[in-house]
Amino acid sequence: AQTVTQSQPEMSVQEAETVTLSCTYDTSENNYYLFWYKQPPSRQMILVIRQEAYKQQNATENRFSVNFQKAAKSFSLKISDSQLGDTAMYFCAFMKLTTGTASKLTFGTGTRLQVTL
Amino acid sequence: GAVVSQHPSWVICKSGTSVKIECRSLDFQATTMFWYRQFPKQSLMLMATSNEGSKATYEQGVEKDKFLINHASLTLSTLTVTSAHPEDSSFYICSARSTSVSYEQYFGPGTRLTVT
């Protein structure tokens, strides 16, 4: 079974600064996806960024980028130029690729990020 | 973009009654839908996976007779909490996977259930 660990329950960053959220995972699979989801106070889950394990290049989406270290099974999220709207719970998630039955997401415990003025 | 709706967004029911939550994919067909439960300040816990036209697959520890899932069409899945008790009070979230995009799930806005 896969496990996803987020060791930072809470983090705080000042507006316009950069913050990095940590995530490690444990799997014996070779083909999988990793995701970061954002859950703001509205509780709507929003996909922030996705990384395919077979890609060596780190994914980026505007102010969001990841540092994917496959050998170390690490997948951190960097948020640059933090904005007040980035305040949310951030979940790291793992999904192995399977044929037939649908692949399932395994979520970490989350990191609560507070962006301050 | 892909939109998933849930209805109701908030429901209060009395202990012993049943409540149904609907999950709809509005602009795409979803062969697979997922139901999650989230307690306050905790992560999402997968309850079950439902495929259109077949029985749902429940995660270990989830009572299938208590949480009835029906996925009758490519755009609708329902979760019925039967004989609800206060400990069933939680936030329930559904997600749907498009037939054309195998790796991405689109999440509904969630339903807050309070059992009194």
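All chains are named by letter (A, B, ...) in the order of the sequence lines, taking the proteins before the strands, and each is independently numbered beginning at 1. All values derive from a computational prediction rather than experimental measurement. The analysis underlying the following values was restricted to heavy atoms, covering all of them including side chains, and did not include hydrogens, waters or symmetry mates.
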- Query: Given that the side chain runs from C-beta out, which part of B:Gln6 has a heavy atom under 4.5 Å from chain A: side chain, backbone, both or neither?
  - Reply: neither
- Query: Where does B:Leu44 contact chain A at under 4.5 Å (heavy atoms): side chain, backbone, both or neither?
  - Reply: both
Taking [Y] as the starting point, is it possible to reach [X] by hopping between hydrophobic residues whose side chains are less than 4.5 Å apart?
X: B:Tyr36; Y: B:Leu76; value: no
X: A:Leu47; Y: A:Phe107; value: yes
X: B:Leu46; Y: A:Leu97; value: yes
X: B:Val62; Y: B:Trp35; value: yes
X: B:Ile69; Y: B:Val19; value: yes

- Mind running side chain to side chain contact (heavy atoms under 4.5 Å, CB included) on B:Ile93 and A:Gln39 for me, showing each step along the way? CA-CA 12 Å; B:Ile93 302 173; A:Gln39 188 180 41; 4.0 Å; yes
- Item | Minimum side-chain heavy-atom gap B:Gln105-A:Leu105 below 4.5 Å |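 They are in contact (side-chain heavy atoms under 4.5 Å apart), so the answer is yes.
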What distance separates [X] [atom1] from [Y] [atom2], expressed to the nearest 0.5 Å?
X: A:Tyr33; Y: B:Glu104; atom1: OH; atom2: CD; answer: 10.0 Å
X: B:Ser9; Y: A:Arg43; atom1: OG; atom2: CZ; answer: 12.5 Å
X: B:Phe34; Y: A:Lys104; atom1: CZ; atom2: NZ; answer: 9.0 Å
X: A:Met89; Y: B:Lys41; atom1: CE; atom2: NZ; answer: 9.5 Å
X: B:Tyr106; Y: A:Met45; atom1: OH; atom2: CE; answer: 14.5 Å
X: B:Ser43; Y: A:Tyr37; atom1: OG; atom2: OH; answer: 12.0 Å

Would you say that more than 12 heavy atoms from the other residues, nucleotides or ligands in this model lie under 6.0 Å from the [atom1] of [X], or not?
X: B:Lys64; atom1: NZ; answer: no
X: A:Gln56; atom1: CD; answer: no
X: B:His85; atom1: NE2; answer: yes
X: A:Lys78; atom1: NZ; answer: no

- Query: Where does A:Phe91 contact chain B at under 4.5 Å (heavy atoms): side chain, backbone, both or neither?
  - Reply: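 A:Phe91 touches chain B through side-chain heavy atoms alone.
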- Is it the backbone or the side chain of A:Gln6 that comes under 4.5 Å from a heavy atom of chain B, or both, or neither?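 Answer is neither: A:Gln6 stays 4.5 Å or more from chain B.
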- Query: Got a donor-acceptor contact below 3.5 angstrom from the A:Gln44 side chain to the B:Phe107 backbone?
  - Reply: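 Such a contact is found between A:Gln44 side chain and B:Phe107 backbone.
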